[in-house]
Amino acid sequence: MTAPITSPPAPGEAEDPPRTTGAEQPGDDFDRDVLPSPPGATAALLRSLLAPLRARVTFTVLFLLLQQAAVQAGPLLVAYAIDRAVPAFRDGDHGPLVAVGAGYLLCSLAAGALQYGFIAASARVNQDVLLDLRGRIFRHAQALSVDFHERYTSGRLISRSTTDVESLRELLSEGLQELITVVLSFVYISAMLLWLDLGLGAVAVASFGPLYALVRTYQRRAGRVYRQRSTAIAAVIVKFVETMNGIRPVRAFRREAANDADFAALNRRHERTNGNALLEMARYVVGSRLVANTTVAGIVLWGAYRVADGTLALGVLAAAVLYLRRLYDPIDRLGMFLNSYQSAAASLEKIAGLLAQTPSVPEPATPRELPPPVSEHPGREVVFDAVRFGYRTGGEVLPRFDLTIPAGQTVAVVGSTGAGKSTLAKLLARFYDPSGGRVLLDGTDLRDLAVPELRRGVVMVTQEAFLFSGTVAENIAIGRPEATREEIERAAKAIGAHDFIAALPDGYDTDVRKRGGRISAGQRQLVAFARALLADPAVLILDEATSSLDVPGERAVQRAMTTVLKGRTAVVIAHRLSTVEIADRVLVMEHGRIVEDGAPAELIAGTGRFADLHRAWRDSLA
Ligand SMILES: Nc1ncnc2c1ncn2[C@@H]1O[C@H](COP(=O)(O)OP(=O)(O)O)[C@@H](O)[C@H]1O
Ligand SMILES: [Mg+2]
């Protein structure tokens, strides 16, 4: 997706990212869902999310700690009732039984109140964490350079900020409470059992060994399955988004049946991984129940013998069985919790990988301002100084490129498809940084230029004139949101867009939602021109920006261009040679090199490539 107005990247999350160029970063890994991230990135992300909420997290845990203490007092009170209060009651002493009843009631009330406090406190923590995380993903993805977005599909980004954030939400809202509760109850109950009766306690504690082994095995295996599952669901989303984004070519080339088949296959793969996850879960549940029930049976049997012997009080045995039930009850849920933990961990890992990406076009560490323009015109000098550049995925596109464009000059660039014209434009707009050499604006390296300066300095209009949701006026004013309605209309009039805009249902206030659906491609380009004109840049780049206009429309724009470009430095990449007429200078590019360079009349009169091209074009018009 190429926005028509060039905006240098906003500040990244990293305080001072190292300056890297396209050539230095690894170019693989982008086909996988998990981007490479430094070790410990996931844990660091979690810490940084929770750090601002430390006080509230502490409160939340405290509520749960107290709540568990109140809950786990229950069986102890039962033991006391059976062994002391009931015999005392039989002897006519009501006191202990009333005390036990009151204590039980009090503990239940306290547990309820504390649970309420916990839920309220944790809900706020969860919401803050998720809010923060979604914001970070958006800001970071937006700050990443164009080449990142060319390789990391928008479908994947969507699945990061929906599916992955959602699985974290599940963990935080349900799973985490479960984990802390289970861990706390294990600690409390083990202590109680050991205190009540060392032997019974030891048997219960011994059962933790096999349970722990089961949990670890489950974690390991489910972790793998969950990663597969979330990759599979991401693939489903990517396919969906890509198909709907490309619905026109899908229709035009009758791709529906093939897409259905692809989508069905991806969907099935997701189902399969889902099934595998459930199987792992089932194995775990069955195994852990076996351990739990065997232990309970053993304790009941041994306890009964000892009660008969008189070495164990009946109340203590009852309390032990109650405790064991409480201990093993949440084990199924522990499996479920581990599910959500696994999938949240997998999601967090992916999010951390995304957030660890640094912009390949980083902001300058010490940004520089441009000197004030020398003349009253806004134009500035552009220099390509021994620039070398290649995309990550291909060979060198510009082998060694030298070019000086004096301030205020309009340069037309022509050349066959793939010659490197757009690449030249994108380097000048700083979508990419060169792997060698420098691009200078009035003597300042674009890499050192302060972001607002670059934004004001260089604006590019491409053939893909993207309109954002909002009104036509808002779309024109994107480069200068503070512009008045008069300024917006003046820009539209200068470019010849006013008449069609005025004819829209709400004129300048017409909503262009759905990718400018109500506006034709040519009209979109006119809006993009008006937008660029209003932004008032020193350097204007037009990359086949009139390609959707008909010949009269293009003529009209060209006439307007002569006023618009006056005093600005302009690079006009032309797809029709008529554009060349407004240029001061023509460059012919082939294979990343300038093969001809001169005034239009001079080249036309000569015997070079451009003269041939121009003659052929003249003939075609006749
Ligand atoms: N995003 C990209 N990733 C990889 N290669 C690219 C990319 N964009 C362009 N190229 C390659 O760079 C070369 C020059 O492309 P480009 O500058 O778009 O040419 P032009 O605009 O003159 O048609 C072509 O070989 C093209 O395949
Ligand atoms: Mg091009």
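Numbering of ligands and ligand atoms starts at 1, following listing order.
Within the 4.0 Å heavy-atom shell around ligand 1 one does not find Gly415.
Around the CZ atom of Phe263, the shell of radius 6.0 Å holds more than 12 heavy atoms that belong to other residues, nucleotides or ligands. Annotation: Glu256, atom CD; neighbour count of heavy atoms from other residues, nucleotides and ligands within 6.0 Å is above 12. Enclosure of atom CZ in Arg585 by more than 12 non-hydrogen atoms of other residues, nucleotides or ligands within 6.0 angstrom is indicated.
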TODO: Start with the C-alpha gap between Arg136 and Ser48, add the side-chain angles, then the distance that decides, and say whether side chain to side chain donor-acceptor pair (under 3.5 Å) holds.
DONE: CA-CA 11 Å; Arg136 284 197 209 190; Ser48 78; 3.0 Å; yes

- [ ] Let me see the working for Thr366 and Asp448 under side-chain contact (heavy atoms from CB on, under 4.5 Å), right down to the final yes or no.
- [x] CA-CA 7 Å; Thr366 46; Asp448 295 328; 5.8 Å; no

Task: Derivation of the side chain to side chain donor-acceptor pair (under 3.5 Å) call for Tyr391 and Thr423 - done: CA-CA 9 Å; Tyr391 295 94; Thr423 305; 3.0 Å; yes

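Using a 4.0 Å threshold on non-hydrogen atoms, atom 6 (C) of ligand 1 counts as touching the protein.
The nearest heavy-atom contact from the protein to atom 23 (O) of ligand 1 is Gly418 N, 2.7 Å. The nearest heavy-atom contact from the protein to atom 18 (O) of ligand 1 is Ser422 CB, 3.5 Å. With respect to atom 17 (O) of ligand 1, the closest heavy atom belonging to the protein is Thr423 OG1, 2.4 Å. The protein non-hydrogen atom at the shortest distance from atom 10 (N) of ligand 1 is Tyr391 CE1, 3.2 Å. Ranking the protein heavy atoms by distance from atom 1 (N) of ligand 1 puts Glu150 OE1, 3.1 Å first.
When non-hydrogen atoms are compared, ligand 1 lies under 4.0 Å from the backbone of Lys421 as well as from its side chain.
The distance criterion of under 3.5 Å between nitrogen or oxygen atoms is not met by Val397 with respect to ligand 1. Not a single N or O atom of Thr417, backbone or side chain, sits closer than 3.5 Å to an N or O atom of ligand 1.
Here Thr423 does not reach the Mg ion (ligand 2): none of its N/O/S atoms is less than 2.8 Å from the metal.
In this structure, a donor-acceptor pair under 3.5 Å is absent between the side chains of Glu381 and Thr404.
Salt bridge annotation for Arg480-Glu487: present, with a cationic side-chain nitrogen under 4.0 angstrom from a carboxylate oxygen.
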